[in-house]
Q: 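Below you will find the structure I want to go over with you.
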Amino acid sequence: MSVVSLLGVKVLNNPAKFTDKYEFEITFECLEALEKDLEWKLTYVGSATSDQYDQELDSLLVGPVPVGVNKFIFEADAPSTSRIPDADILGVTVILLTCAYDGREFVRVGYYVNNEYDSEELNAEPPAKPIVERVKRNVLAEKPRVTRFAIKWDSEASAPAEFPPEQPEADLVADGEDYGAEEADEEAAEDSAEVKAVGDDAEMAGVEQEQANGHENGQDEDEMSEDGSVDIEGESEDELEEEDGEGEGEGEGSEDDAMEVDEAEKPADAASSKPVSVAS
């Protein structure tokens, strides 16, 4: 359980010129008396490619901290452009507001910052050398990235299971009333939608695979049927003629027998008829 909880951060001068000071109104709650001060820092990320361009704009010690809800104004100077690559002055970067107790960081708030010129002409065709006086900044204050860490406070009972703890890089899930909870809920909803989309795609892929297999099986069956018909039709003409010959032979034999019977009957009939003599 954290002894100090961050309740809210308000960016007072936003948007502003690049060279203006940063001003934050910070509200936090302290659940028990602290023996030492809280240390607040503001860091400007000068480049996304290397942390050597990061600048600590200012730090502030707050204490002694009374129990209850506390509020104060934190001001920090603008970053020095001499320590930022010209290619990274314009565009999107990040500022980090952190708080530590006894050298142990327990909360970090990150904001995206967009730096651009104050005119459309300069934005359309930016000069090779940035004109810092014409650059304005806009802090995306509506969507902070809040990260919390479990630390040891004054009592051993407040120490985590493993002390000193490894500081994780992933965001911890915030409580419903904590600062940045709404942003965390939106990210969780987006993650759930992505997982569902991936599941639907996998299901569709399985159906398509089954259909493909069914088509292949159907094709095999067609091929088997064609093969079977070829076997049936593939009987030699000699065999067919033999079968036809046998059938015709049987038919001719029957006719001969019938004719023989008729011929045999004819003499019998003739013999039974006696000649009649006619008197002259």
Side-chain angles (χ1 to χ4, degrees), residues 4-29 37-63 69-100 105-148 171 174 178-184 186-187:
V4 177
S5 299
L6 181 63
L7 300 181
V9 178
K10 184 184 295 184
V11 183
L12 298 181
N13 57 338
N14 186 52
K17 292 183 177 180
F18 184 87
T19 55
D20 290 346
K21 288 186 176 182
Y22 287 90
E23 296 180 7
F24 300 93
E25 182 183 88
I26 302 174
T27 305
F28 67 93
E29 183 180 14
D37 298 339
L38 298 176
E39 184 180 11
W40 297 84
K41 290 182 182 180
L42 183 64
T43 303
Y44 184 89
V45 178
S47 176
T49 59
S50 176
D51 58 359
Q52 65 176 342
Y53 301 109
D54 293 356
Q55 299 182 44
E56 182 180 314
L57 302 183
D58 206 344
S59 62
L60 176 67
L61 292 176
V62 177
V69 177
N70 300 272
K71 182 185 294 184
F72 69 99
I73 303 297
F74 180 29
E75 294 184 355
D77 294 331
S80 174
T81 56
S82 62
R83 299 175 57 186
I84 304 174
D86 290 342
D88 293 323
I89 291 180
L90 297 175
V92 179
T93 186
V94 174
I95 55 174
L96 298 174
L97 177 65
T98 63
C99 188
E105 179 181 333
F106 65 90
V107 66
R108 178 187 303 172
V109 184
Y111 295 98
Y112 287 110
V113 181
N114 184 36
N115 298 318
E116 60 181 0
Y117 285 112
D118 55 5
S119 68
E120 295 181 359
E121 292 78 8
L122 289 175
N123 286 324
E125 296 182 1
K129 183 68 175 177
I131 306 174
V132 180
E133 295 76 13
R134 299 292 302 275
V135 177
K136 66 177 182 180
R137 70 166 185 254
N138 185 12
V139 180
L140 190 59
E142 293 78 11
K143 291 187 177 182
R145 184 87 174 188
V146 182
T147 306
R148 293 174 174 82
D171 288 357
D178 287 342
Y179 180 65
E182 294 180 359
E183 188 265 346
E186 291 178 0
E187 291 183 356

Q: A side-chain contact here means heavy atoms from C-beta on lying under 4.5 Å apart; do F24 and I95 qualify?
A: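 Counting from C-beta outward, F24 and I95 do come under 4.5 Å.
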Q: List the residues meeting side chain to side chain contact (heavy atoms under 4.5 Å, CB included) with I73, not counting sequence neighbours, and say none if there are none.
A: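 L12, E25, E75.
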Q: Distance from L57 atom CG to L42 atom CG, nearest 0.5 Å?
A: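 The CG atom of L42 is 4.5 Å from CG of L57, to the nearest 0.5 Å.
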Q: Identify every side-chain donor-acceptor pair in residues 131-141 under 3.5 Å, counting partners at least two apart or on other chains, and give the distances.
A:
unit_1, atom_1, unit_2, atom_2, d
R134, NE, D118, OD1, 2.9
R134, NE, D118, OD2, 3.1
R134, NH2, D118, OD1, 3.0
R137, NH1, K17, O, 3.1
R137, NH1, D20, O, 2.7
R137, NH2, K21, O, 2.8

Q: Between P79 and Y53, is any pair of side-chain heavy atoms under 4.5 Å apart?
A: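 Contact flag for P79/Y53 side chains = no.
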Q: Rounded to the nearest 0.5 Å, what's the gap from CD on E116 to CG on L122? Could you check?
A: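 These two atoms lie 11.0 Å from each other.
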Q: Say you draw a straight line from CG of L97 to NZ of K41; how long is it, rounded to the nearest 0.5 Å?
A: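 Rounded to the nearest 0.5 Å, the CG-NZ separation comes out at 12.0 Å.
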Q: Would you tabulate the side-chain donor-acceptor contacts of residues 81-94 under 3.5 Å, counting partners in other chains and residues two or more places apart, or write 'none'?
A:
unit_1, atom_1, unit_2, atom_2, d
S82, OG, S80, OG, 2.8
D88, OD2, S47, OG, 2.9
T93, OG1, V45, O, 2.4

Q: Tell me every residue that passes side chain to side chain donor-acceptor pair (under 3.5 Å) with Y44, counting only those two or more places apart in sequence or in another chain.
A: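 For Y44, the residues satisfying side chain to side chain donor-acceptor pair (under 3.5 Å) (neighbours in sequence not counted) are N115.
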Q: Going from SG on C99 to CZ on R148, what distance comes out if it is rounded to the nearest 0.5 angstrom?
A: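 Here the rounded value is 12.0 Å.
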Q: Can you name the ring-ring contact (aromatic ring centres under 6.0 Å, His included) partners of F72, sequence neighbours left out?
A: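 If we apply the ring-ring contact (aromatic ring centres under 6.0 Å, His included) test to F72, skipping adjacent residues, the hits are W40.
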Q: Got a sec, which residues hit ring-ring contact (aromatic ring centres under 6.0 Å, His included) with F106, two or more places apart in sequence or on another chain?
A: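 F106 satisfies ring-ring contact (aromatic ring centres under 6.0 Å, His included) with W153 only.
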Q: Please examine the side chains of Y111 and V9, heavy atoms only from C-beta on, and report whether any two atoms are closer than 4.5 Å.
A: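 Yes - at least one pair of side-chain heavy atoms lies under 4.5 Å apart.
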Q: How many angstroms lie between CZ in R145 and CZ in R108, if you round to the nearest 0.5 Å?
A: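 The CZ atom of R145 sits 11.5 Å away from the CZ atom of R108.
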Q: Measure the CG-OG1 distance between L96 and T147 for me, rounded to the nearest 0.5 Å.
A: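 Going from the CG atom of L96 to the OG1 atom of T147 covers 9.0 Å.
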